[in-house]
Visitor: 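Structure provided below as structure tokens; questions to follow.
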Amino acid sequence: MTLAERVARAVDAAPVIDLHTHLFAPQFGAMNLWGVDELLTYHYLVAETLRAEPKLAPEAFFARDKAAQADLVWDALFVRRSPLSEAAAGVATVLAAFGLDPAARDLREARAFFAARRVEQHVEDVLRLAGVSALAMTNDPTDPEERALWEAGLAPDPRFHAALRLDRLIAAQDLKAELTRWIARMRPRYLAISVNEVSAPPRAVLDACREHDLPFAMMIGVRRAVNPRLGVAGDGVSAVDLTPLERLAAENPDVRFLVTTLARENTHTLCVVARKFANVLPFGCWWFMNNPSLIEETTMMRLEMLGPTFVPQHSDARVLDQLIYKWRHSRRSIASALTRRYGAMPVPPTDAQIERDARALLGGIAGEWLKA
Ligand code: RAT
Ligand code: ZN
């Protein structure tokens, strides 16, 4: 077996702990999204469809029901063009994994397949096909639908860990009380926020992290609603100054920070910050970085600067079935970066070494930070 084959085998076999998704455990009912219509109306593909079909006004697209939107996306990105973008290629990977034809003219066969699935079995099959053993959700108590479920005493599948999202909750009048209440109710594994520029969070957030020994996740560099006509598909990116992150890490050595950046330009600086502060864990290739070429490049850079002490990827899946492609594709990029680094060692690694590293990178380190 070649080195590349040995590494690919170890990376494929290593269970993933997925640090950030927008998935919901099956106990959340209709909030748990799956199936071909959900896959095709993923906002990444909506943005690509509206770009490919400039005559289609966003308002006209969003006025249609979900199945009609999915038909439009299928026609624009799969029938009239080849699915070459990462998000489109991902749908093809998922369909093929279920034995469906990614080159079909329409969605009849795929819809019939998913309609015949039972949700409990589907969740098991997807987690197995994706090689995912546990994941973090994104839980926002300001969302009325989600809030009602938690208040009704919902207990999620133990593989689906809660992560308390603060983007909106942070504006609460009595943030300390809200945090106490929702930490008790959800038992989150970390608190999280997405921001454009880095600034120190309110004191109540860092206090809660200390008191409950929870990491604080910062997702840095998103510019919301650059094109508001596209809805959730309308956000953009900018490179930002990370010196406030250094200050935050230095002033709070007892708080652990999970950090991902959206701009490719910030990737290197984040590695340097992480070299200085062991309480900063770089994670994932977020959103516009979640492409094979950038994952490989980013993972190489992180290996070179940090060794195996970071989390190379998270899926950001919004639709359960996306776990299959996001992890199959990411595993390839991670394996390729690892192979190149091992290739630079004077003595080739043993299988045991390769397995140890693959397990740490795919799930071990995330599991330690999540206590999962
Ligand atoms: O990648 C995405 O799906 C984005 O829409 C965002 O949800 C982003 O990942 C976030 O968590 O804010
Ligand atoms: Zn996300």
Side-chain angles (χ1 to χ4, degrees), residues 16-24 31-34 38-50 58 62 73 85-88 90-91 94 132 135-143 146 160-171 188-198 201 215-238 240 257-264 266-267 282-292 294-295 298 311-323 325-327 329-330 366 370:
V16 160
I17 295 186
D18 196 339
L19 255 188
H20 169 61
T21 78
H22 297 264
L23 300 178
F24 289 96
M31 294 186 79
N32 165 26
L33 305 181
W34 55 284
E38 298 295 349
L39 279 168
L40 287 168
T41 51
Y42 186 32
H43 68 85
Y44 294 31
L45 292 171
V46 171
E48 289 170 28
T49 299
L50 294 171
F62 292 119
V73 172
S85 77
E86 174 58 10
V91 174
V94 174
V132 171
L135 57 86
M137 305 181 281
T138 293
N139 302 99
D140 180 359
T142 70
D143 177 89
E146 180 168 358
F160 291 65
H161 297 292
L164 177 54
R165 185 77 175 232
L166 303 181
D167 289 31
R168 286 199 288 246
L169 195 69
I170 202 131
R189 298 308 170 110
Y190 62 86
L191 310 184
I193 195 162
S194 73
V195 288
N196 179 4
E197 302 207 347
V198 189
F216 181 49
M218 300 182 81
M219 307 179 69
I220 300 165
V222 56
R223 283 171 54 237
R224 297 290 179 193
V226 167
N227 183 352
R229 290 177 72 198
L230 300 190
V232 269
D235 300 339
V237 59
S238 60
V240 300
F257 297 92
L258 284 160
V259 182
T260 195
T261 52
L262 194 51
R264 184 190 191 190
N266 277 134
T267 310
F283 78 95
C285 296
W286 181 27
W287 199 346
F288 309 120
M289 293 288 292
N290 193 339
N291 301 307
L294 297 180
I295 298 168
T298 303
V311 173
Q313 188 55 319
H314 66 270
S315 75
D316 235 308
R318 285 173 180 262
V319 179
L320 181 72
D321 312 286
Q322 288 171 339
L323 286 175
Y325 93 78
K326 298 238 186 197
W327 282 110
H329 293 193
S330 290
L370 250 53

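Counting convention: from 1, in listed order, for ligands and their atoms alike.
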Visitor: Is D316 in contact with ligand 1, taking contact as a heavy-atom separation below 4.0 Å?
Guide: yes
Visitor: With a cut-off of 2.8 Å, which protein N/O/S atoms are close to the Zn ion (ligand 2), if we only count those under it?
Guide: H20 NE2, H22 NE2, D316 OD1
Visitor: Give the residue and atom name of whichever protein heavy atom lies nearest to atom 6 (C) of ligand 1, and the separation in Å to one decimal.
Guide: R318 NH2, 3.4 Å
Visitor: Are the side chain of N266 and the backbone of V240 linked by a donor-acceptor contact shorter than 3.5 Å?
Guide: yes
Visitor: Less than 6.0 angstrom from the centroid, inside 45 degrees of the normal: does K326 satisfy that with respect to the ring of Y42?
Guide: no
Visitor: Closer than 4.0 angstrom, basic N to acidic O: yes or no for D140 and R168?
Guide: yes
Visitor: State, with a plain yes or no, whether a side-chain heavy atom of V311 is found less than 4.5 Å away from one of L258.
Guide: no
Visitor: Do me a favour and list the nearest non-hydrogen protein atom to atom 8 (C) of ligand 1 with residue, atom name and distance?
Guide: W286 NE1, 3.3 Å
Visitor: Can you tell me if T21 uses its side chain to pair, donor with acceptor, with the backbone of A136 under 3.5 Å?
Guide: yes
Visitor: Is there any N or O on R224 that sits under 3.5 Å from an N or O of ligand 1?
Guide: yes
Visitor: Could you tell me, atom by atom, which parts of ligand 1 come under 4.0 Å of a heavy atom of R165?
Guide: 10 (C), 11 (O), 12 (O)
Visitor: So which heavy atom in the protein is nearest atom 1 (O) of ligand 1, and how far is it from that ligand atom?
Guide: Y44 OH, 2.8 Å
Visitor: Considering non-hydrogen atoms of the protein only, which is the closest contact for atom 2 (C) of ligand 1, and what is the distance?
Guide: H43 NE2, 3.5 Å
Visitor: Would you name the heavy atoms of N139 and A162 that are closest together and state the gap between them?
Guide: OD1-CA, 3.2 Å
Visitor: Going by distance alone, is a donor N or O of one side chain under 3.5 Å from an acceptor N or O of the other, for S194 and R165?
Guide: yes
Visitor: State the atoms of ligand 1, each with its element, that fall below the 4.0 Å cut-off from a heavy-atom position in H20.
Guide: 9 (O), 11 (O)
Visitor: Measure the CG-CZ distance between L320 and R318 for me, rounded to the nearest 0.5 Å.
Guide: 14.5 Å
Visitor: Could you walk me through whether F62 and V46 pass the side-chain contact (heavy atoms from CB on, under 4.5 Å) test, one step at a time?
Guide: CA-CA 10 Å; F62 292 119; V46 171; 3.9 Å; yes
Visitor: Within this structure, what is the CD-CG distance for the pair Q313 and N290, rounded to the nearest 0.5 Å?
Guide: 4.5 Å
